[in-house]
K.L.:
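Handing you this structure, nothing more for now.
Chain identifiers are assigned alphabetically (A, B, ...) following the order of the sequence lines, protein sequences preceding nucleic acid strands; residue numbering begins at 1 within each chain.
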Amino acid sequence: MPETLQETISDECKDVLLHVWDYLDAQLTPDATDALRAHIAVCPPCLQYQEFQEEYMRAMRASRAKKGASWFLKARVLDELFDSGYAP
Amino acid sequence: VPFRIDVYFTHQLLTNVPYTHSASRERDVAFEREAIPWIDDVYRFALSLTRDESDADDVVQDTFLRAYRSWHTYLPGSDCRRWLFTICRNVFLRSRERARPTVELEAADVDAAAAGNVYSAAVREGYEDIFSRLDLAPAISDALDKVPEPFRSTLIIVDVEDQSYEAAAEILGVPIGTVRSRLFRGRRLMQEQLLAYAIDAGFGPRRALAEQRRNA
């Protein structure tokens with residue numbers, strides 16, 4: 001894949017550009033998945049592009065806040081539930 | 001099951017409370033087992049939607065009350081977190097009285113070119129390893145705030161909360177194709193924001209850092 005899209009790119013590289021997220025999210029048909037995988041295996045720039053997008057996805061997942069609801073909120077929710085008849 | 005009937009019958013004899021109450025107890029036990037454990041996840045999701053801890057608390061409380069009252073609509077064995085997220089988002093939207101789609105989607109080809117251009121810019125500036133090199137958690141939070149709806153919610157559900165396209169479609173009440181389109185645009189917007197953050201924050205490109213070390 002060339003550095004900018006102003007340059008001419010092959011249809012296979014364009015497919016990677018258009019569908020790499022579908023590929024990483026397992027949204028492609030098996031045939032389309034195989035075709036993309038085969039091209040990425042022989043095209044270093046497309047491999048780098050795929051790795052760039054994989055790292056983005058990892059960073060997004062890793063950003064998920066570790067903290068959860070406070071004990072105060074949990075008690076508040078349970079209180080409201082008890083008032084509504086909740087009695088496990 | 002005879003044993004259960006005996007238990008319920010005895011309970012009714014001793015307490016004079018109709019044993020239908022036992023059915024509601026079973027419901028409550030199921031709610032405790034399947035819904036309550038997701039309160040931290042629902043809180044995080046609510047916080048990502050409201051961006052305000054106090055508002056998130058209110059949304060979580062309302063979510064669990066609504067979930068409890070409509071527990072009969074939950075299909076046992078299905079994805080309870082997804083079900084709760086759907087309620088949570090509806091509670092949030094109702095609380096804000098916000099219309100959902102606010103930005104028109106661009107044509108797919110335009111988006112494809114734009115998505116590629118973010119990567120091209122990152123390579124050109126020496127930031128091709130931006131996502132693996134930097135701790136982007138604070139920047140991601142800020143960048144998400146700048147992404148408009150409906151892209152933001154879709155990114156939070158799929159990219160941050162790691163839910164499937166199908167789950168996102170159910171939570172957002174849109175077709176899977178719409179989830180896909182929103183992700184395409186939303187991810188590009190996020191990457192633009194993160195690249196700008198790295199440059200503005202003075203995170204030098206790897207090539208420049210390597211040169212600095214060589215010259216030191």
K.L.:
Got a sec: does the CZ of A:R76 have more than 12 other heavy atoms crowding it under 6.0 Å?
P.N.:
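Atom CZ in A:R76 is crowded, with more than 12 foreign heavy atoms closer than 6.0 Å.
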K.L.:
Evaluate the criterion ring-ring contact (aromatic ring centres under 6.0 Å, His included) for residue pair B:Y74 and B:W71; output intermediate values, then yes/no.
P.N.:
CA-CA 5 Å; B:Y74 170 70; B:W71 185 243; 4.6 Å; yes
K.L.:
Less than 4.5 Å to any heavy atom of chain A: does that hold for the side chain of B:I156, its backbone, both, or neither?
P.N.:
neither
K.L.:
Report which part of B:I39 has an atom under 4.5 Å of a heavy atom belonging to chain A: side chain, backbone, both, or neither.
P.N.:
both
K.L.:
Please classify the contact between A:E51 and chain B as side chain, backbone, both or neither, with a heavy-atom cut-off of under 4.5 Å.
P.N.:
neither
K.L.:
Are B:W38 and B:W83, when compared by the centres of their aromatic rings, separated by less than 6.0 Å?
P.N.:
no
K.L.:
Which answer fits B:R69, side chain, backbone, both or neither, if we ask what part of it has an atom under 4.5 Å from a heavy atom of chain A?
P.N.:
side chain
K.L.:
Side chain, backbone, both or neither: which part of B:A139 has a heavy atom under 4.5 Å from chain A?
P.N.:
neither
K.L.:
State whether a side-chain donor-acceptor pair under 3.5 Å links A:D25 with B:Y165.
P.N.:
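Checked: A:D25/B:Y165 side chains pair up, N/O donor to acceptor below 3.5 Å.
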K.L.:
Specify which of A:A59, A:S70, A:S84 makes the most heavy-atom pairs with chain B at under 4.5 Å.
P.N.:
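With the most close heavy-atom pairs to chain B, the winner is A:S84.
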K.L.:
Using the ring of each side chain (for Trp, its six-membered ring), is A:F52 parallel, tilted or perpendicular to B:F131, with breaks at 30° and 60°?
P.N.:
tilted
